[in-house]
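Have a look at the structure below before the remarks.
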Amino acid sequence: MIPAIRRQKLLDLLKDHQLLFLPEIIEAMDSSESTVRRDLKTLAKCGEVELLRGGGVQLPKRNMEMNIHVKMQLNKEEKQRIAAAAGALINPGDIVFLDPSSVNYLLIDYITADHVTVVTNSITHMSKLLEKDIPCIMIGGEIKKNTSSCIGPMAERMLKDLRFCKCFLGANGITRDAGITNHDPKEQSIKHLAIRNSAATYFLLESAKLGTVAMCKVADVDAHIVITDAVLQGLEDMDNIIVAGKDD
C-alpha cells in the first residue's frame, strides 16, 4: 500500500476509536509492527497523532467536547485513582452533588459511607446510583445528548434551593492563566450553582487536561481543591492541588 494512503487509513481508524494501542493498530491495519511504528513516528512529527506513555496513540487534543462514553475509555487508570481519593472524602450522612463527568461515574463505586444522598444531573450516573442502591435525587431539565445530562433553566431552578455538603465537578481544561474551564455555558451555569450551594467544592481533573483551555471559565485555578493524578507542571507551587495516590 502507498505510504500516504496507509497513513490516512490509520488516521481514519483513530477518528473512529479516539484511542488505540499498538497491538490493536497492527491488527486493524494488517501491517507489520515496524511499518506501523514508522508511520506513527511520521504522523507524530507532523502533529497528526499524539504518542502516549504506555503505548497509546490518539489524535491531538482539540478544543472540543467528546461523548461521555468516549471519555470513559480515556485515562481510565488515572481516573480511578482520582475517584478513589474523592470517595475517601465522603462522610456518613453527606449530601453530595455529582456533575456528569466521567470521573464522577467512577466515583460512585467508591461511595462506601452510610446514609449518603447523591444529587446529580447525569442520566448515566443516576442509572448506576440506582443499581448500587444509593439514595439519589435526579435534577431534570433540557437533555444534552453528548454528555447524557440535564441542563438549562429547569435544572437551574431545581438546583437553586438545594444545599450540599460537597460537590464534585469535572472540567475540560486547567491552566494558571485561564483557570478551570469547560465547553458549554449551560453546564457552566450548573457548576456555578453547585459551587455556590456547597460547603466544599472539589474539581476532579486528570493531568492530561493541563494546558487545555475551553470556552467557559468555571473557576480560578486556586479557588477550590483540585484532585488530579500527577503533579501539574507549572502549578507545583499551589497548595490546593491534591495528587491522588501520592505519599505525603
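Values below: every heavy atom of this structure, side chains too, minus hydrogens, waters and symmetry copies. Here the structure is a predicted model, which is why all the values come from computation and not from measurement.
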Can Asp99 and Ile190 be said to form a side chain to side chain contact (heavy atoms under 4.5 Å, CB included), step by step?
CA-CA 8 Å; Asp99 77 354; Ile190 295 291; 5.6 Å; no
Just do the side chain to side chain contact (heavy atoms under 4.5 Å, CB included) check on Ile227 and Val103 with the steps written out, would you?
CA-CA 11 Å; Ile227 305 178; Val103 183; over 6 Å; no
What verdict does the salt bridge (Lys or Arg N to Asp or Glu O under 4.0 Å) test give for Lys160 and Glu156, after you've listed the backbone C-alpha separation in whole Å, the side-chain angles of each residue and the deciding distance to 0.1 Å?
CA-CA 6 Å; Lys160 182 179 178 181; Glu156 292 171 22; over 6 Å; no
Evaluation steps, side chain to side chain contact (heavy atoms under 4.5 Å, CB included), between Met238 and Arg176:
CA-CA 10 Å; Met238 306 192 73; Arg176 183 181 290 273; 4.2 Å; yes
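Ser207 and Asp229 share a donor-acceptor pair across their side chains, judged by distance under 3.5 Å alone. At a cut-off of 3.5 Å, with distance as the only test, a side-chain donor of Ser32 or Ser34 sits close to an acceptor on the other residue.
Put simply, the side chain of Ser149 reaches to within 4.5 Å of the side chain of Lys144, judged on heavy atoms. Between Glu77 and Gln80, every side-chain heavy-atom pair lies at or beyond the 4.5 Å cut-off.
In this structure, Ser198 and Thr201 approach most closely via the heavy-atom pair CB-OG1, 4.2 Å. The shortest non-hydrogen separation linking Ala83 to Leu107 is O-CD1, 3.4 Å. The nearest pair of heavy atoms linking Thr212 to Asn172 is CG2-O, 3.5 Å.
Note on Leu169 and Ile151: same hydrophobic cluster, where clusters join Ile, Leu, Val, Met, Phe, Trp and Tyr whose side-chain heavy atoms are under 4.5 Å apart, directly or indirectly. Ile137 and Met126 sit in two unconnected hydrophobic clusters of ILVMFWY residues. Membership requires side-chain heavy atoms under 4.5 Å apart, directly or through other members.
Atom CG of Leu130 is surrounded by more than 12 heavy atoms from other residues, nucleotides or ligands within 6.0 Å. Heavy-atom contacts from other residues, nucleotides or ligands closer than 6.0 Å to CG of Asp12 number more than 12. For CG of Asp133, the number of neighbouring non-hydrogen atoms (other residues, nucleotides, ligands) closer than 6.0 Å is 12 at most. For Glu236, the CD atom sits in a packed shell: over 12 heavy atoms of surrounding residues, nucleotides or ligands are nearer than 6.0 Å. Heavy atoms of other residues, nucleotides or ligands lying less than 6.0 angstrom from CD of Gln8 number more than 12.
Between Glu187 and Lys191 there is no salt bridge, since no side-chain nitrogen of the basic residue lies less than 4.0 Å from a carboxylate oxygen of the acidic one. A salt bridge links Glu206 with Lys209: the distance from a Lys NZ or Arg NE/NH1/NH2 to an Asp or Glu carboxylate oxygen falls below 4.0 Å. With respect to Lys9 and Asp39, no salt bridge is recorded, no charged nitrogen being found less than 4.0 Å from a carboxylate O.
Note: His125 and Tyr105 have tilted aromatic rings, judged against thresholds of 30 and 60 degrees for the angle between ring planes.
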